[in-house]
Amino acid sequence: MTTALTPPRARTPLLALACALLMVLTALAVPARAADPAPISGRVVFPAGYTYSEATPPRIELRVLTGVGTGTQTPTLPATFVPVAADGTFTVARDLREGRSHLLLLHDGQHRLLSGYVTATGTTALFHTDAAVIEPGTTGLVVNASLAAQVSGRLQLPASYTNPSRLTIEGVVGTTPTRRVSGTVHADGTFVVGGVPAGTAVHLTLADNTRALHTGTWNAADGFFVPSRADATPVTAPASGLTVPVNPNGSISGRIEAPDYSPYEAPLVLMAVTGTAGTIEGTRLWSHDDGTFTLDGLDTGRSYALVVASGLGLVDTGVMAADGSVLPAGDDLSAVWSRARLMRPGTTGVVLRPTLLSGIRGRVVVPEGFAIDPDENGALVVHLYQRDGSTGQWAKKSSEPVREDGTFAFAALWLEPKADHALWLEPNHATNPRNAPFAAGFWTGSTTPLSTDVADAKLAAFSTTRDVLIPLAVQNVTRPAITGTARTGATLQASTGTWNPSSATTSVQWLRDGAAISGATSSSYTVTAADSGKKLSVRVTAKGGTGWLPTTVTSAPVTVTSPIVNVTRVSISGTVGYGKTVWVKRGEWSPDPVSTSVQWLRDGVAISGATGSSYKVGKSDVGTKLSVRVTAKGADGSTARSTSVQTKVPKVTPTVKVSVPSVKAGTALKATVTVDSAGLVTKPLGTVAVTVGSKTVKVTLTASHAGKVTVTLPAQAKGSHKVTAKYSPTSTSTTYLNGATSSAVTVKVT
């Protein structure tokens with residue numbers, strides 16, 4: 001067992017060697033693991049008059065220094081903390097680290113005990129510089145706690161704020177070093193902060209994690225919260241019965257009204273101040289891209305004046321007056337404070353009119369959709385050249401990047417006001433190809449192109465307005481084009497293309513072999529005989545308005561050609577008949593077509609799907625007129641058609657066969673008749689008449705016969721007899737079939 005603050009004895013070399021050997025042997029079976037440092041344990045001796053609370057017991061917090069020793073090193077936030085038992089005992093076993101310096105801090109949940117670090121004498125002190133380093137393995141540590149002073153009172157909260165548990169109150173003591181002492185806000189708004197030695201100056205700080213209330217460091221002198229502890233008067237402990245008003249957060253918003261002001265080139269810092277000392281409240285905010293501003297995080301219980309500050313020499317620094325102008329003040333607000341406009345948070349629609357100081361201000365015209373990044377490599381830059389009054393030589397005096405909104409400015413404060421100045425736009429094409437839309441050169445005026453000759457430069461004068469406009473040529477995005485068929489009599493259309501800016505207006509001029517065609521200035525043009533064999537194009541000029549230089553672009557030319565015509569009529573090759581295949585002869589055309597298409601026709605109507613070079617005559621074609629149509633397309637896009645002579649597809653004459661087996665005399669004959677149309681009609685309808693000698697028997701051929709029927713004939717005398725069969729189609733079958741007669745067959749009767 002060691003004494004209270006005596007570190008454990010060092011291990012002997014033999015013991016260290018044994019431990020090392022044991023670790024090596026253990027590593028063969030399980031992964032290596034560093035041994036946990038031994039715990040720190042001890043007892044807190046409570047002072048007379050202190051009552052222990054199970055609900056809010058004291059605790060020991062472990063702090064680990066960033067290095068070895070104490071000195072000025074900052075302890076970490078609690079690595080761990082353990083409660084102190086009613087008998088005062090405690091044990092710290094977690095987050096101890098070999099080779100690091102450990103401090104112990106006593107914290108009392110009731111804020112009655114002196115909240116401080118354990119010292120070498122076993123007492124507690126406010127600052128870690130007075131603490132003792134306590135090694136792991138220390139046991140029997142005795143901490144003699146003492147009663148301390150508190151700061152207590154009540155927070156006056158808005159009626160709408162119903163959850164004081166979201167608030168955190170602390171006391172900040174000391175200067176170098178400082179120390180935060182915890183406190184508690186109760187549900188009824190009362191608070192207590194402690195404990196600290198009597199006579200200690202305590203700055204009360206309040207935080208609201210909902211950000212609804214205006215918090216910070218309480219200034220005991222006027223009862224308001226301020227952002228900086230340096231602007232606050234502390235409270236001396238002990239103190240009780242304090243009344244601390246807490247107001248909601250609010251904001252002041254408005255806009256900057258200055259036609260020639262740019263928040264990019266001349267950034268303003270707007271500050272809400274509470275008095276002539278220039279105490280800043282809330283948040284400093286840059287004005288937004290659209291000139292609006294909002295100062296938030298302000299105390300709704302007090303009034304503010306707006307202070308404008310700028311360090312670039314382009315905008316005057318001062319306090320906003322009632323009319324929105326800025327009263328120059330420098331670092332002393334007292335001279336103008338009586339004329340300043342004071343306003344409470346919640347004020348909106350404030351109009352601030354900053355005073356612009358003299359300078360050379362301008363703007364570069366930027367294409368639509370182009371984003372300027374002044375921080376990128378090879379950003380757009382404007383160089384200011386100054387002419388030497390004695391030698392007349394020009395030399396680069398200053399450079400400014402072009403800001404996100406295209407603006408730039410040079411403050412007169414840094415220039416010689418009587419010298420001549422010229423401006424050069426440098427797009428840095430070599431390092432930044434993205435800047436290709438911009439030309440390099442001297443400014444020659446707001447409506448004329450840049451020039452690389454300084455003799456053409458227009459002198460830039462000092463002014464409080466933005467009177468320099470560096471123009472940009474209108475950019476062609478999609479080239480103009482001609483649509484339509486370029487042949488005599490046809491009407492062509494000109495698309496004027498697309499341009500940047502999209503608001504650019506365009507004018508048109510038609511050209512024949514590059515020369516303007518008199519009066520041809522509309523978007524359409526009818527091709528004349530004079531254009532035959534010539535090249536037509538259209539020239540479009542786009543104008544973009546102020547700051548944009550006009551641009552002219554000419555379309556690709558088209559050559560006027562003659563339309564295609566048929567010379568030799570299309571015809572059909574092959575026998576036109578059912579089941580036969582025929583071919584198209586495409587005829588001759590002038591000039592030669594670039595493509596042809598085929599369509600077979602039945603009685604002049606297109607046959608669906610029949611678009612090939614050959615066609616097999618089918619059942620539907622029998623009895624109709626077949627023809628073929630060819631459509632040819634010329635190189636100029638013209639088309640022409642030629643249709644062959646119509647050829648009628650004849651009906652099919654079926655094959656009629658009869659067979660009669662031999663019979664004995666006195667027996668009726670059985671004649672089998674077959675009508676075959678080669679698959680055209682599988683179930684022919686009609687009448688079959690079978691004749692033997694002078695006797696003819698007729699039967700009706702129905703669909704059920706499928707073209708084959710047996711006919712009973714009267715008995716014949718012995719001998720040889722001729723038998724024939726004749727087929728006559730009905731009105732249904734006659735659409736496809738002709739009538740037909742079989743060859744005679746001889747039947748023997750014995």
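- Counting all heavy atoms, side chain and backbone alike, Ser303 lies closest to Leu342 at CB-CB, 4.2 Å.
- In the model, Thr541 has a side-chain atom that pairs as donor or acceptor with a side-chain atom of Thr552 under 3.5 Å.
- The shortest distance between side-chain heavy atoms of Pro177 and Thr129 falls below 4.5 Å.
- One distance of note links OG1 of Thr274 with CG of Asp222; it measures 8.0 Å at 0.5 Å rounding.
- Taken from CD1 in Ile470 to CZ in Phe408, the straight-line distance is 4.0 Å, to the nearest 0.5 Å.
- Listed here is the closest heavy atom pair of Leu268 and Ser310: CD2-CB, 3.9 Å.
- Put simply, the side chain of Gln156 reaches to within 4.5 Å of the side chain of Thr243, judged on heavy atoms.
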List, one per line, each side-chain donor-acceptor pair under 3.5 Å for residues 434-443, sequence neighbours excluded.
{"unit_1": "Arg434", "atom_1": "NH1", "unit_2": "Ala371", "atom_2": "O", "d": "3.0"}
{"unit_1": "Arg434", "atom_1": "NH2", "unit_2": "Ala371", "atom_2": "O", "d": "2.9"}
{"unit_1": "Arg434", "atom_1": "NH2", "unit_2": "Glu376", "atom_2": "OE1", "d": "3.4"}
{"unit_1": "Arg434", "atom_1": "NH2", "unit_2": "Glu376", "atom_2": "OE2", "d": "2.7"}
{"unit_1": "Asn435", "atom_1": "ND2", "unit_2": "Gly378", "atom_2": "O", "d": "3.0"}
{"unit_1": "Asn435", "atom_1": "ND2", "unit_2": "Pro427", "atom_2": "O", "d": "2.9"}
{"unit_1": "Trp443", "atom_1": "NE1", "unit_2": "Gly445", "atom_2": "O", "d": "3.2"}
{"unit_1": "Trp443", "atom_1": "NE1", "unit_2": "Leu469", "atom_2": "O", "d": "3.0"}

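- Two residues are said to be in side-chain contact when any heavy atoms from C-beta on lie closer than 4.5 Å; Leu352 and Leu306 fail this criterion.
- Side-chain contact check for Asp456 and Ser451: at least one donor-acceptor pair (N or O, by modelled atom type) lies under 3.5 Å.
- Residue His203 holds its NE2 atom at 11.5 Å from CH2 of Trp218, rounded to the nearest 0.5 Å.
- Side-chain contact between Val474 and Asn500 is absent, with no heavy atoms from C-beta onward closer than 4.5 Å.
- One N or O on the side chain of Arg361 and one on the backbone of Ser463 form a donor-acceptor pair closer than 3.5 Å.
- Between Leu204 and Leu242 the shortest side-chain heavy-atom distance falls below 4.5 Å.
- At least one side-chain heavy atom of Val315 sits under 4.5 Å from a side-chain heavy atom of Leu356.
- Here the straight-line distance linking atom CD of Gln393 with atom CZ of Arg387 works out to 10.0 Å at 0.5 Å rounding.
- In summary, the side chains of Ser251 and Ser253 do not present any donor paired with an acceptor at a separation below 3.5 Å, with no hydrogens or angles considered.
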Working for side chain to side chain contact (heavy atoms under 4.5 Å, CB included), residues Ile517 and Leu536: CA-CA 10 Å; Ile517 302 173; Leu536 296 179; 4.1 Å; yes
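- Of the possible donor and acceptor atoms, none in the side chain of Thr300 sits under 3.5 Å from a partner among the backbone N and O of Pro345.
- Counting all heavy atoms, side chain and backbone alike, Leu298 lies closest to Ala272 at CD2-CB, 3.9 Å.
- A donor-acceptor contact shorter than 3.5 Å is absent between the side chain of Thr347 and the backbone of Ile252.
- With contacts defined as side-chain heavy-atom distances shorter than 4.5 Å, the pair Phe410/Leu415 qualifies.
- A distance-only check finds no donor-acceptor pair linking the side chain of Asn219 to the backbone of Phe225 [under 3.5 Å].
- Checked by atom type and distance alone, the side chain of Tyr304 pairs as donor or acceptor with a backbone atom of Asp299 at under 3.5 Å.
- Judged purely by atom type and a 3.5 angstrom limit, Thr551 has no side-chain atom pairing as donor or acceptor with the backbone of Ala542.
- Arg479 places a side-chain N or O within 3.5 Å of a backbone atom of Thr554 that can act as its donor or acceptor partner.
- Checking side-chain atoms of Arg466 against main-chain N and O of Gly362 turns up a donor-acceptor pair under 3.5 Å.
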Side chain to side chain contact (heavy atoms under 4.5 Å, CB included) between Arg179 and Val196, worked out: CA-CA 11 Å; Arg179 165 81 192 287; Val196 295; over 6 Å; no
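- Remark: side-chain polar atoms of Asp208 are paired, donor with acceptor, to backbone N or O of Ala212 under 3.5 angstrom.
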Worked verdict on Leu157 versus Leu167 for side chain to side chain contact (heavy atoms under 4.5 Å, CB included): CA-CA 11 Å; Leu157 299 172; Leu167 298 173; 3.9 Å; yes
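- For the residue pair Asp467 and Ser446, the shortest heavy atom distance occurs at O-OG, 4.4 Å.
- The two residues Ala520 and Gln509 make their nearest non-hydrogen contact at O-NE2, 3.3 Å.
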Intermediate values then yes/no, side chain to side chain contact (heavy atoms under 4.5 Å, CB included), Val172 and Thr217: CA-CA 9 Å; Val172 180; Thr217 302; over 6 Å; no
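- A distance below 6.0 Å separates the ring centres of Tyr525 and Trp510.
- Counting heavy atoms from C-beta on, the side chains of Trp548 and Leu472 come closer than 4.5 Å.
- In this structure, the separation between NZ on Lys543 and OG1 on Thr506 is 11.0 Å, given to the nearest 0.5 Å.
- In this structure, Glu416 does not pair ionically with Lys418, as no charged nitrogen and carboxylate oxygen lie closer than 4.0 Å.
- Between the side chain of Arg353 and the backbone N or O of Asp323 there is at least one donor-acceptor pair closer than 3.5 Å.
- Of all the heavy atoms in Asp316 and Val326, the pair that sits closest is O-CG1, 4.2 Å.
- Each ring pair (Phe, Tyr, Trp, His ring centres under 6.0 Å) pair with one or both residues in residues 459-483, not counting sequence neighbours, appears once here: His421-Phe462.
- Remark: Asp388 CG to Asp420 CG distance equals 10.5 Å, nearest 0.5 Å.
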